[in-house]
Amino acid sequence: PKGDNLADTAEVEGFLIADGMPNLDKNTLNGTANVLREIIPGAGSPVNKGGFIMGTAAYYEQYGLHFDKSSGAIINASRSLSGNYTVPSQIDGIEVKSIDSYAFYNCKSIEKIFIPKSIESIEKYAFLNSVKEIEFEDGTDEIPEYACYNANNLEKVVVPDSVISIGKRAFCYCGNLSDFPKLSSLEKIGDYAFDGCQSMEKFFIPKTIKRVGYYVFRNSVKEVEFEEGTTKIPNYTCFYANTLERVVIPDSVTTIGYWAFSGCERLSDFPKLTSLTEINQHAFYDCISLEKMYIPKTIEIMEAYAFSNSVKEIEFEEGITKIPEAACCDASNLEKVIIPDSVTSIGDFAFCDCTRLSDVPKLTSVAEIGEYAFRGCELIEKMYIPKTIERIGTGAFRNSIKEVEFEEGITQIPDLSCYRVESLEKAIIPSSVEYIGISAFVGCNNLTIYCYPGSCAIDYAIRNNIPYELFEN
């Protein structure tokens with residue numbers, strides 16, 4: 001190497017550190033990611049963490065390891081190790097607590113490594129270019145962060161059912177890992193835990209799960225199965241799982257968390273869940289291949305942006321009475337909705353900015369349409385208002401419909417019904433109408449009222465200087 005440091009010595013395979021040489025820090029060794037951690041026993045001076053050897057590390061020939069008694073860390077393993085290898089739980093009476101970065105790097109002759117439950121931490125690249133199988137001891141309750149990070153040769157892991165937590169990036173970039181055991185007690189999966197596990201086909205998530213981090217299954221599994229009895233899909237569970245094609249979800253699920261399936265761009269189908277009560281914000285955001293979603297009558301909460309840039313069709317179950325607030329707000333890919341005639345209330349912002357929605361079915365029992373319920377639905381040509389209507393919120397049809405028809409038999413048109421609907425060109429008002437709210441059509445500058453001779457609608461049109469045309473019958 002030239003200069004004052006060892007940067008960019010990518011081809012170096014080892015270091016002999018002479019006694020009396022100054023301490024080396026991580027900056028000195030910057031750029032040596034491919035350097036083999038093979039140190040000659042007995043030769044060496046202290047190296048700060050982030051370099052190759054920690055200060056008090058010594059070589060233990062019976063284990064083929066450099067071990068730092070002061071920290072309980074395995075620093076380096078000999079390349080001569082082969083076959084099945086058990087990481088000792090103690091060395092020279094000291095408990096082994098951790099495995100350092102690159103500790104087993106390039107140990108290609110080891111087929112399988114057994115890791116005792118005493119291990120509390122494993123640092124990045126510990127098994128890079130190394131073992132094909134890793135087994136964690138029965139009784140282990142946590143797979144440490146970075147445990148198998150970029151273990152690029154790893155094909156199989158044996159994980160006991162005692163494990164309740166998988167740390168962040170624990171199996172990240174294990175590209176040859178094709179299978180992972182079912183863990184019936186698992187509660188937590190850390191960020192990026194299985195990111196880049198491109199050979200993995202399926203993952204099982206038990207009903208004990210409480211927290212799932214960001215990007216856990218990105219560039220990874222094709223199928224995720226949730227255990228029977230699961231009631232909540234946690235936030236971020238399949239966040240940008242961009243290779244996910246299928247999910248198996250039991251009917252016991254009542255809640256889908258924030259961002260739970262967002263970015264699952266290959267997910268084209270989603271199971272019917274007849275007990276679902278809550279869908280949180282951005283739950284299906286960017287699910288661009290999702291064709292249809294079924295919403296049961298048990299639903300109570302559908303938060304804004306749950307279907308942004310996502311599903312093409314939504315069907316609400318027969319018997320549902322209320323479309324929740326913001327149910328399909330900003331569902332920009334939504335082209336069709338199936339709404340049963342049992343619906344009596346459409347919540348505020350329910351279909352706001354559904355810019356591809358071109359038609360809404362006639363609903364003959366609706367009593368209330370909330371504020372901005374259909375705002376920005378610019379492809380909807382016509383809206384039918386039944387005689388059961390009692391309230392229409394401000395801006396319900398702003399930047400939306402061109403025509404509104406009120407059902408024969410309606411007696412009152414609520415105030416603010418079509419307030420400032422500048423796109424509205426035609427309003428059909430039956431002779432049964434006895435009262436029209438003062439601001440019902442204020443700001444509808446392109447409107448013509450179609451009505452019957454001698455009707456209340458004529459008087460309203462004249463008073464408000466609105467053009468009108470008469471039906472003969």
Side-chain angles (χ1 to χ4, degrees), residues 26 33 37 48-52 54 65 67-68 71-77 87 89 95-105 107 113-131 133-154 156-177 180-181 183 185-198 200 203-206 208-221 234-241:
K26 61 183 178 182
R37 302 167 59 97
N48 294 336
K49 189 165 178 61
F52 279 140
M54 296 182 68
L65 300 174
F67 178 66
D68 182 3
S71 65
I74 291 173
I75 306 301
N76 182 62
V87 173
S89 58
E95 186 176 39
V96 177
K97 295 181 179 180
S98 64
I99 300 174
D100 206 1
S101 301
Y102 297 96
F104 288 87
Y105 170 70
C107 291
I113 284 184
F114 180 84
I115 298 179
K117 59 185 178 182
S118 64
I119 295 295
E120 298 173 357
S121 66
I122 301 174
E123 297 196 20
K124 290 182 182 179
Y125 306 110
F127 302 105
L128 178 64
N129 206 25
S130 184
V131 299
E133 181 177 345
I134 293 177
E135 178 179 351
F136 294 88
E137 184 181 8
D138 195 21
T140 299
D141 59 5
E142 180 176 359
I143 305 299
E145 297 179 358
Y146 300 101
C148 300
Y149 182 82
N150 210 357
N152 54 325
N153 288 344
L154 187 65
K156 181 182 179 182
V157 289
V158 179
V159 182
D161 205 37
S162 53
V163 167
I164 61 172
S165 177
I166 296 174
K168 69 179 181 181
R169 301 183 189 268
F171 298 94
C172 185
Y173 303 138
C174 293
N176 289 312
L177 185 61
F180 197 85
L183 301 176
S185 303
L186 191 61
E187 297 179 0
K188 177 185 175 182
I189 306 175
D191 299 344
Y192 302 93
F194 296 93
D195 182 18
C197 293
Q198 56 197 26
M200 192 178 293
F203 195 89
F204 176 82
I205 297 181
T208 53
I209 199 71
K210 295 178 181 178
R211 182 189 178 278
V212 181
Y214 300 106
Y215 299 109
V216 167
F217 301 111
R218 185 176 63 174
N219 298 319
S220 183
V221 297
N235 302 341
Y236 305 104
T237 297
C238 296
F239 183 75
Y240 281 85

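Being a predicted model, the structure only gives us computed values, none of them experimental.
Shortest non-hydrogen contact noted between Glu133 and Val158 is OE2-CG2, 3.6 Å. Minimum heavy-atom separation, Asn152 to Ser130: OD1-N, 4.4 Å. Considering every non-hydrogen atom in both Arg211 and Asp191, the closest pair reads NH2-OD1, 3.9 Å. Ser162 and Gly139 get closest at one heavy-atom pair: OG-N, 3.1 Å. Closest approach of Thr208 to Ser185, counting heavy atoms only: OG1-C, 3.2 Å. For the residue pair Pro160 and Phe136, the shortest heavy atom distance occurs at CD-O, 3.4 Å.
The CD1 atom of Ile74 sits 11.0 Å away from atom CG of Asp68, with the distance rounded to the nearest 0.5 Å. Atom CD1 of Ile164 is separated from atom CG of Asp141 by 5.5 Å, given to the nearest 0.5 angstrom. Note that the CD1 atom of Ile209 and the CD atom of Glu187 stand 8.0 Å from one another [nearest 0.5 Å]. With values rounded to the nearest 0.5 angstrom, Asp195 atom CG is found 13.5 Å from Lys168 atom NZ. Note that OG of Ser101 is 11.0 Å distant from CD1 of Ile122, once rounded to the nearest 0.5 Å. Separation of atoms CG (Asn219) and OH (Tyr240) is listed at 13.5 Å; rounding is to 0.5 Å.
Both the sub-6.0 Å distance and the 45° axial angle are satisfied by Arg169 relative to the ring of Tyr192.
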Item to check | Test side-chain contact (heavy atoms from CB on, under 4.5 Å) applied to Leu186 and Ile205, step by step | outcome: CA-CA 8 Å; Leu186 191 61; Ile205 297 181; over 6 Å; no
Next on the checklist: For a side-chain contact (heavy atoms from CB on, under 4.5 Å) check, start with the C-alpha distance between Val216 and Tyr236, then their side-chain angles and the critical distance, and finish with the verdict.
Outcome noted: CA-CA 8 Å; Val216 167; Tyr236 305 104; over 6 Å; no
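At distances below 3.5 Å, not a single donor-acceptor pair connects side-chain atoms of Ser98 with backbone N or O atoms of Ser121. In terms of modelled atom types and a separation under 3.5 Å, the side chain of Asn153 and the main chain of Val131 share no donor-acceptor contact. With hydrogens and angles disregarded, a donor-acceptor distance shorter than 3.5 Å links the side chain of Glu137 to the backbone of Lys117. Within the 3.5 Å criterion, the main-chain N or O of Leu154 finds no donor-acceptor partner in the side chain of Asn176.
Ring-plane geometry between Phe194 and Phe171 is classed as parallel, the angle between the planes falling under 30 degrees on a 0 to 90 degree scale with a further cut at 60.
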Side-chain donor-acceptor pairs under 3.5 Å in residues 142-151, sequence neighbours left out?
none

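Within the 4.5 Å cutoff, side-chain heavy atoms of Ile134 are placed close to those of Phe127.
The aromatic ring centres of Phe203 and Phe180 sit less than 6.0 Å apart.
Around atom OH of Tyr214, no more than 12 heavy atoms belonging to other residues, nucleotides or ligands sit under 6.0 Å away.
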